[in-house]
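Notes for the one structure printed next.
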Amino acid sequence: MEVRIERLEPMHVAFVRHVGPYNQVGSAWEKLCMRLGKEGQLGAGAKFIGVCYDDPEVTASERVRYDACVAVGDDFTAADEVGVQTLAGGEYAVVTHAGPYDTLGQTYAEFFGQWLPHSGRELRSQPSLEFYLNDPDSTDPADLLTDIYAPLEPLT
Amino acid sequence: MTTNAKIDLCRRHKDEYATPKDPVLVTVGEGTYLTVSGRGEPGGPEFTDRIGALYGVAYTVKMTRKFASLQDYVVGKLEGQWWVDGSCQDFARVPRDQWNWRLMIRTPEIVTPNELRQAATTLIGKGKAPSADQVKLESFTEGLCVQMLHVGPYDREIETIARMKALAAEKGLEFHGRHHEIYLSDPRRVAPERLKTILRIPVLKAGR
C-alpha cells in the first residue's frame with residue numbers, strides 16, 4: 001500500500017449533512033451541487049470532499065454521519081440545508097483508492113488495519129476525509145479515484 | 001422534479017465512445033458541444049484558463065437546470081480537436097506553441113445559448129472563470145471516421161495514428177478532417193503509460 005504524508009491547510013467548505021448508509025450519500029451531493037453550481041462555484045478547480053465521522057463497522061448504518069463538502073471562499077453564506085464549516089488542517093496520511101466507491105471499505109481496512117499499526121503514527125481525534133477526483137456520472141466505476149486522508153497526531 | 005431519466009450521451013452514442021484498441025470505422029452524426037478555442041501549448045496558460053472556463057460553464061449550466069427541475073444530463077468527457085495553420089494532419093511536426101485547439105464537452109441540444117450567457121455572467125461575477133464568455137455552443141457532423149483507443153502517453157500517439165492511417169488506406173480512404181481526441185483519463189492523476197484516449201480522424205474516399 002502506497003501511503004504519503006501531506007499537510008493540509010484548514011479549509012472553508014460548504015456542506016450538506018447525510019445521516020444513514022454511505023451508499024445513500026447521493027442526495028446530499030445533489031443538494032449541495034445544485035446550490036453551488038447555480039451560483040458558479042463549481043469550476044475546474046472545485047474540490048469535492050466527504051467527511052466520514054463514523055466507522056460503519058462500529059456504528060449502525062442508519063446513524064452513520066457524513067458531510068458532502070465543496071471548498072468555497074470565506075464570503076459563502078449558509079442557507080437552508082447548506083451549511084459552512086472549516087475542515088481541520090494538519091498532517092494526514094493519504095492513500096489513493098482506485099475503483100468503485102463500494103470497495104472503499106477494503107482500502108480503509110488495509111489502511112487502518114495494516115498500514116497504520118506499523119507506521120509509528122497515531123490517529124488524531126478528527127474525521128477522515130475523502131477527496132473525490134473524478135465525476136462518478138461520467139467515469140467508469142473501475143476508473144474512479146478517491147484520496148483517503150487519515151488525520152495524524154503530530155510527531156513528538 | 002422532472003421524471004425524465006438523466007441523459008447520458010456517451011451511452012446513447014456508445015459506438016463513438018467505446019472503441020477497441022484496433023482501428024475501426026465509425027460514422028459520427030451531428031453532435032452539439034460546449035466549445036472553447038485557442039492556440040498554444042497544451043497545459044500552457046491559455047489552455048489551462050480555457051479548460052477552467054469550459055468546465056465552469058458545463059457544471060454551472062447543468063446545475064442551474066437541475067435546480068430549476070429541467071431535464072438533467074451527464075457532463076461528458078473532455079474532448080479536443082487539434083490542427084495547425086494550413087494543414088489538418090502534420091501538427092505533430094509543428095512547434096507546440098503553434099498548435100490550434102478546440103476543447104469540447106458534448107452536450108444535449110436542449111441547452112440554449114441563453115443558458116450559456118447566464119452561466120458565463122454568473123462565473124465571471126464570482127471571479128471563478130474570467131474567460132467563461134469565450135465558451136460557445138457549436139454543432140457539427142464528422143461523418144465517416146477512423147477511430148482507435150490509444151493507451152499510453154500523448155507523445156506516442158504517432159504509432160496509433162499510423163495504424164489508423166493503414167486501415168484507412170486499406171479501405172481506399174484518406175484522412176481529411178481535424179484530429180479529434182476524447183480524454184478518458186485525467187493526465188494529472190493517471191500514469192502516462194495508462195492514459196486512455198480515443199483518437200478519431202474523419203476520412204474521405206482517397207483521391208477525391
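In what follows, chains carry the letters A, B, and so on, assigned in the order in which the sequence lines appear, proteins first and then strands, with residues in each chain numbered from 1.
Proximity of R189(B) to T96(A): side-chain heavy atoms (C-beta onward) are separated by under 4.5 Å at one or more points.
Atom CG of N114(B) sits in a crowded spot, with more than 12 heavy atoms from other residues, nucleotides or ligands closer than 6.0 Å. Counted within 6.0 Å of CD on E9(A), heavy atoms from surrounding residues, nucleotides or ligands total 12 or fewer; the atom is thus considered open. Within 6.0 Å of CD on E122(A) lie no more than 12 heavy atoms contributed by other residues, nucleotides or ligands. More than 12 heavy atoms of other shown residues, nucleotides or ligands fall within 6.0 angstrom of atom CD in Q24(A). Counting non-hydrogen atoms of other residues, nucleotides and ligands closer than 6.0 Å to CD of E30(B) gives a total above 12. Surrounding CZ of R188(B) are at most 12 heavy atoms belonging to other residues, nucleotides or ligands under 6.0 Å away. No more than 12 heavy atoms of other residues, nucleotides or ligands sit less than 6.0 Å from atom NZ of K21(B).
Contacts between residues 129-149 of chain A and chain B, defined by a heavy-atom separation under 4.5 Å, are made by L133(A), D135(A), D137(A), S138(A), T139(A), D143(A), L145(A), D147(A).
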K38(A) vs T60(B), test: side-chain contact (heavy atoms from CB on, under 4.5 Å). Steps then yes/no.
CA-CA 5 Å; K38(A) 81 179 178 63; T60(B) 303; over 6 Å; no
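Between atom CD of residue Q41(A) and atom NZ of residue K128(B) there is a gap of 4.5 Å, rounded to the nearest 0.5 Å. In this structure, M63(B) CE and L36(A) CG are separated by 9.0 Å, a value rounded to the nearest 0.5 Å. Here the CD-CZ distance, from E30(A) to F67(B), works out to 13.0 Å after rounding to the nearest 0.5 Å.
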If you look only at distance, which donor and acceptor atoms sit under 3.5 Å apart when one is on a side chain in residues 101-109 of chain B and the other is two or more places apart or in another chain?
unit_1: W101(B); atom_1: NE1; unit_2: G40(B); atom_2: O; d: 2.9
unit_1: R102(B); atom_1: NE; unit_2: Q81(B); atom_2: OE1; d: 3.0
unit_1: R102(B); atom_1: NH1; unit_2: E138(B); atom_2: OE1; d: 3.1
unit_1: R102(B); atom_1: NH1; unit_2: E138(B); atom_2: OE2; d: 3.2
unit_1: R102(B); atom_1: NH2; unit_2: Q81(B); atom_2: OE1; d: 2.7
unit_1: R106(B); atom_1: NH1; unit_2: E16(B); atom_2: OE1; d: 2.7
unit_1: R106(B); atom_1: NH1; unit_2: Y17(B); atom_2: OH; d: 3.4
unit_1: T107(B); atom_1: OG1; unit_2: I105(B); atom_2: O; d: 2.9

